2 protein chains.
Amino acid sequence: MERNTQQRQAILNAFDKAERPLSIQEILELAQDDCPGLGIATIYRNIKALVGDNKLISVEMPGGVAYYETPGHKHHHHFSCTNCQKVFDVEKCGLNIKTLVPDGFTLERHEILLYGTCGSCSR
Amino acid sequence: MERNTQQRQAILNAFDKAERPLSIQEILELAQDDCPGLGIATIYRNIKALVGDNKLISVEMPGGVAYYETPGHKHHHHFSCTNCQKVFDVEKCGLNIKTLVPDGFTLERHEILLYGTCGSCSR
DNA sequence: ATAGGTGCAAACAGTTTGCATGTAT
DNA sequence: ATACATGCAAACTGTTTGCACCTAT
């Protein structure tokens, strides 16, 4: 992943436009606005390379759908709208997760998933 | 889902034996001990029916793999071992999740996923 | 006896890969 | 010029479905 192709630009631009975690399908649709004809295989290849380079982070949400977001945010979690299926960042954390870990287990990381309806869908 | 078939017995028995959330593949392997020749389609059909009847609950874990567990536990969360891939219940919760929800969003439920190594793999 | 369940194989959906062509350097 | 990236189509993997046969009731 070294060249600066139109396709790769369009993919990164999708994240700038959206400002929230995106699924593969969402990335495809947004990036095709900039780059018609962009193929799904190119999305998968670029996303995999970008995740490998730590230029994107994957957020695996239930339902078997992976979302991706740009790194550099501070520690945060995710809210999944059960109506529109969009995923949003939740900036706060501050919970004492360590109290949950069973004896003998070693905690590496944690994820908190919130489900409900987002601002637009709650109205 | 009304009949009490050998296959269905073997599937439910797998959960009794395991006492932890199981993936489709884990269910298949355990249930085939009791019922050789059991087909994967039967697992999917039974699991879907049992979840529909609230006789099983699905726990969607990252990586696109769904786990299933018996209901009736109190509110709890899950620990996923990054070494052996097994999923364990975490009985405690008691965190104040509501403080995380953004303004205008409506929270329906939450899931906390812990990742690390389990008791056996930490040794 | 018969409605519902099973196993197999085919169908599907999402993801990955091989290959000839295109393009950024 | 050339090595890397793309688009297409084929291959794969996990899940679902159609259908003839089987079995619990």
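Chain letters run A, B, ... following the sequence lines, proteins first and then strands; every chain starts at 1. Predicted model only: the values in this text are computed from it and were never measured.
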Peer 1: Establish, yes or no, whether a centroid distance under 6.0 Å links the rings of A/Tyr68 and A/Phe15.
Peer 2: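 No, the ring of A/Tyr68 stays outside the 6.0 Å limit from the ring of A/Phe15, centre to centre.
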Peer 1: Where along residues 29-39 of chain A does a heavy atom come under 4.0 Å from DNA chain D, residue by residue in number order?
Peer 2: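 Hits under 4.0 Å, by residue number: A/Gly37, A/Leu38, A/Gly39.
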Peer 1: Flag the pair A/His75 / A/His73 as yes when their ring centroid distance falls below 6.0 Å, and as no otherwise.
Peer 2: no
Peer 1: Atom CD1 of B/Ile43 and atom C1' of C/dG5: how far apart are they, to the nearest Å?
Peer 2: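 It is 13 Å, rounded to the nearest whole Å.
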Peer 1: Let me have a per-nucleotide readout for nucleotides 16-25 of chain C, 5' to 3', with B, S or -, counting only protein heavy atoms under 4.0 Å.
Peer 2: BBB---BBBS
Peer 1: Does one side chain, of A/Asn4 or A/Gln9, offer a donor that lies under 3.5 Å from an acceptor on the other?
Peer 2: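 Yes - a donor-acceptor pair under 3.5 Å links their side chains.
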Peer 1: Just wondering, do B/Leu56 and B/Glu69 contact through their side chains at under 4.5 Å, heavy atoms?
Peer 2: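 No - every pair of side-chain heavy atoms lies 4.5 Å or more apart.
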Peer 1: Please give, in whole Å, the distance from D/dC4 C1' to A/Asn46 CG?
Peer 2: 12 Å
Peer 1: Please report, rounded to the nearest Å, how far the P atom of C/dG14 is from the CG atom of A/Leu28.
Peer 2: 12 Å
Peer 1: Locate the shortest heavy-atom distance separating A/Cys121 from A/Asn83; write the atom from each residue and the value.
Peer 2: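 Nearest pair, atom of A/Cys121 first, then A/Asn83: SG-ND2, 3.0 Å.
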Peer 1: How many Å lie between CD1 on B/Ile27 and P on D/dG14, as a whole number?
Peer 2: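 After rounding, the reported distance stands at 15 Å.
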Peer 1: Tell me: CD of A/Glu26 to P of C/dG14, nearest whole Å?
Peer 2: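 After rounding, the reported distance stands at 14 Å.
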Peer 1: Under 6.0 Å between ring centres, would you say that holds for A/Phe105 and B/Phe88?
Peer 2: yes
Peer 1: If two hydrophobic side chains count as joined below 4.5 Å and joins carry through other members, does B/Val59 share a cluster with B/Leu113?
Peer 2: yes
Peer 1: For the pair made of CD1 in B/Ile24 and C1' in D/dT13, what is the distance, rounded to whole Å?
Peer 2: 14 Å
Peer 1: Decide whether A/Gln85 and A/Ser80 meet the rule of one side-chain donor and one side-chain acceptor closer than 3.5 Å.
Peer 2: no
